[in-house]
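Right, one structure below, let's go through it.
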Protein chains: 2
Amino acid sequence: MGEQREGSIAHRVPDLGALELLLAVARLGSLGGAARELGITQPAASSRIRSMERQLGVALVDRSPRGSTLTDAGALVTDWARRVVEAAAAFDAGAQALRHRRDSRLRVAASMTIAEYLLPGWLLALRSQRPDTAVSLLAGNSTTVAERLLADEADLGFVEGLSVPAGLDSTVIAHDHLIVVTAPTHPWARRQRPVPAAELATTPLILREKGSGTRQVLDAALGGLARPLIELSSTTAVKASVVSGAGPAVLSELAVGEELSMRRLVRIPVEGVTLARDLRAVWPTGHRPTGPARELLSLTRG
Amino acid sequence: MGEQREGSIAHRVPDLGALELLLAVARLGSLGGAARELGITQPAASSRIRSMERQLGVALVDRSPRGSTLTDAGALVTDWARRVVEAAAAFDAGAQALRHRRDSRLRVAASMTIAEYLLPGWLLALRSQRPDTAVSLLAGNSTTVAERLLADEADLGFVEGLSVPAGLDSTVIAHDHLIVVTAPTHPWARRQRPVPAAELATTPLILREKGSGTRQVLDAALGGLARPLIELSSTTAVKASVVSGAGPAVLSELAVGEELSMRRLVRIPVEGVTLARDLRAVWPTGHRPTGPARELLSLTRG
DNA sequence: ATGGGGACATAAACTGGATTTATGAGCAAC
DNA sequence: GTTGCTCATAAATCCAGTTTATGTCCCCAT
């Protein structure tokens with residue numbers, strides 16, 4: 001009856017290469033074909049799929065002398081695998097941009113929330129349209145972004161503040177909503193009525209440090225009054241703290257999508273305040289984006 | 001100037017073990033501590049992080065004689081890595097449930113859409129609350145789910161149809177909206193006004209095969225009239241076809257969330273039809289879920 | 001100041017898994 | 001039947017990650 005107790009999931013999940021291979025098999029309907037596409041030999045592919053099946057304890061592909069098709073379980077596993085591979089592709093697109101290269105065609109500066117949650121996807125889309133565009137990324141706060149742009153060390157910026165830094169032109173690319181969240185066990189999670197703004201202002205909250213974009217918006221909406229229960233320096237730390245039940249927090253809906261759908265966090269309705277902010281693309285006044293920058297910009301606006 | 005041209009991302013992304021290690025370092029602030037947690041030695045962790053840094057071309061960790069902290073780039077990379085690891089954890093939770101074991105405490109039967117998009121998250125949440133609950137999963141259509149439940153081969157089911165199969169009690173756990181999507185290049189993507197139901201009914205669409213849950217809802221909403229442009233047997237195939245510009249399709253919003261936010265697909269407003277359906281948990285009439293089944297059920301309802 | 005402890009780096013030997021090469025066998029179409 | 005696709009098997013090779021065994025640096029307490 002004993003199951004493996006080890007913490008690390010890496011030993012229970014096939015490696016990325018195997019998952020990628022499985023996707024190729026699903027798409028091409030052939031082990032050998034998939035092997036060719038990934039630049040390995042057919043026996044290698046065969047053995048990899050086999051050991052993946054052994055590891056998972058489920059048959060994934062039906063082999064026949066004229067091709068391979070997925071079993072029912074294999075189709076399901078492939079769908080789950082696709083999500084892992086997509087996350088890995090986003091990781092890759094982001095990481096690729098992080099090593100600032102001299103020969104980068106497009107230099108992007110972005111605030112943290114955008115760099116974390118949106119930019120990898122945009123970079124992936126850009127890569128599929130213009131595979132040869134080398135992008136470099138610098139992440140920081142609004143001030144940093146503005147500095148880089150004005151020093152001509154970046155071609156395009158993305159900020160999430162309330163105001164546009166001086167010297168920059170901008171366009172709104174999306175709207176972000178800050179929402180109040182708690183652990184499902186928190187008393188607020190069982191409330192029937194929305195929390196009034198006044199109560200939010202007087203309740204101690206788990207907050208990002210002063211000066212962060214999120215904090216600024218919250219303070220402005222409440223009238224400079226947000227009370228800290230704890231102050232933490234990263235969104236991740238705030239989320240972890242909320243999940244563990246320490247108290248309520250105000251976070252971007254971008255940051256908590258996953259947690260909400262998995263019920264690790266609960267959204268608390270609020271009345272009397274609008275916690276919205278714009279996400280903007282910015283560039284030095286007059287220097288309208290052209291070339292790759294324009295391309296990327298158009299990807300962000302649907 | 002030459003970049004690596006190879007298709008496979010697996011060679012450009014650190015393996016899951018390395019990403020997991022990075023998360024542990026971020027959490028614990030120490031290479032040795034992270035190593036201990038993952039059951040490897042400190043030199044192994046050190047060399048793994050080092051080779052990850054070499055691979056990505058970016059310093060991730062600031063090492064000091066009294067611990068390690070993430071660099072700015074490292075923090076960003078860690079956030080991206082977390083998403084990969086979370087997807088892998090969901091994969092693991094799903095895969096674990098796929099090998100039907102005799103000693104399973106909880107036997108679940110679910111329709112495809114739910115098994116694909118929602119169940120892994122629920123299983124993950126369940127595992128964090130009740131680590132010792134062994135779950136087995138069977139995916140199929142509504143009919144299959146009903147059969148299993150009635151034959152006492154499953155304890156709890158999830159279906160997405162319009163009606164509840166005979167002999168089963170149910171509760172609504174969520175609402176799913178079917179939406180019309182096209183590639184961004186499709187003429188409909190530039191329309192200002194919503195597409196009327198009549199036009200939708202007369203336009204050839206990319207559809208799932210007859211009998212699928214999605215198709216049933218669509219036919220009912222339009223009055224049995226949906227015109228196939230192509231018929232495909234999986235949601236994935238439909239999505240790929242739409243992305244490539246073949247035409248419009250009607251899909252669950254669960255299935256296209258990623259594609260919409262990355263602008264690979266565009267949502268087309270429609271007027272004159274409501275393409276909604278309920279997601280339901282089901283069980284044999286009278287046999288109200290108890291024990292682990294009740295636990296899982298409560299996770300699905302917020 | 002001095003010794004202990006924690007944290008990371010380096011070097012060398014080991015180990016195991018994945019890959020390639022080489023071959024065999026089943027099925028279909030011409 | 002022969003050609004050409006498919007996948008499977010076997011043996012040799014190769015490489016990457018690991019462990020063991022040290023060394024260095026720094027802080028803190030004595």
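The sequence lines fix the lettering, A, B, ..., with proteins before strands; numbering per chain opens at 1. Remember, predicted model here, so these are calculated numbers, not experimental data.
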Only counting residues at least two apart or in another chain, list the ones meeting side-chain hydrogen bond (donor to acceptor under 3.5 Å, both in side chains) with [X].
{"X": "S68(B)", "value": "none"}
{"X": "S104(B)", "value": "none"}
{"X": "E147(B)", "value": "none"}
{"X": "S136(A)", "value": "none"}

Would you tabulate the side-chain donor-acceptor contacts of residues 21-32 of chain B under 3.5 Å, counting partners in other chains and residues two or more places apart, or write 'none'?
| residue | atom | partner | partner atom | Å |
| --- | --- | --- | --- | --- |
| R27(B) | NH1 | E37(B) | OE1 | 3.2 |
| R27(B) | NH1 | E37(B) | OE2 | 3.4 |
| R27(B) | NH2 | E37(B) | OE2 | 3.0 |
| S30(B) | OG | G32(B) | N | 3.3 |
| S30(B) | OG | G33(B) | N | 2.8 |

Could you go through residues 69-77 of chain B and list every donor-acceptor pair under 3.5 Å that involves a side-chain atom there, pairing it with any protein atom two or more places apart or in another chain?
| residue | atom | partner | partner atom | Å |
| --- | --- | --- | --- | --- |
| T71(B) | OG1 | A59(B) | O | 2.8 |
| T71(B) | OG1 | L60(B) | O | 3.1 |
| T71(B) | OG1 | G74(B) | N | 2.9 |

For this session: Rounded off to whole Å, could you give me the CZ-to-C1' distance for the R54(A) and dA8(D) pair?
Result: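 It works out to 15 Å between those atoms.
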Scan the side chains in residues 42-49 of chain A for donor-acceptor partners under 3.5 Å anywhere in the protein, sequence neighbours excluded, and list what turns up.
| residue | atom | partner | partner atom | Å |
| --- | --- | --- | --- | --- |
| R48(A) | NH2 | D15(A) | OD1 | 2.6 |
| R48(A) | NH2 | D15(A) | OD2 | 3.2 |

Exercise. Does anything in residues 65-72 of chain A reach DNA chain C, meaning a heavy atom under 4.0 Å, and if so which residues?
Worked result: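 By residue number: P65(A), R66(A).
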Pick out the pairs of N or O atoms, protein on one side and nucleotides 9-18 of chain D on the other, that lie under 3.5 Å.
| residue | atom | partner | partner atom | Å |
| --- | --- | --- | --- | --- |
| dT18(D) | OP1 | R48(B) | NH1 | 3.0 |

For this session: Anything under 4.0 Å to a heavy atom of chain B counts; send over the first and last such nucleotide of DNA chain C, read 5' to 3'.
Result: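 That gives a stretch of dG6(C) to dT10(C).
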For this session: Could you go through the salt bridge (Lys or Arg N to Asp or Glu O under 4.0 Å) check for E231(B) and R208(B) one step at a time?
Result: CA-CA 5 Å; E231(B) 287 193 357; R208(B) 284 286 300 279; over 6 Å; no
Exercise. By ring pair (Phe, Tyr, Trp, His ring centres under 6.0 Å), which residues pair with W122(A), not counting sequence neighbours?
Worked result: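 W122(A) satisfies ring pair (Phe, Tyr, Trp, His ring centres under 6.0 Å) with F158(A) only.
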Exercise. Got a sec, which residues hit side chain to side chain contact (heavy atoms under 4.5 Å, CB included) with S111(B), two or more places apart in sequence or on another chain?
Worked result: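 For S111(B) the side chain to side chain contact (heavy atoms under 4.5 Å, CB included) partners, ignoring immediate neighbours, are I114(B), E160(B).
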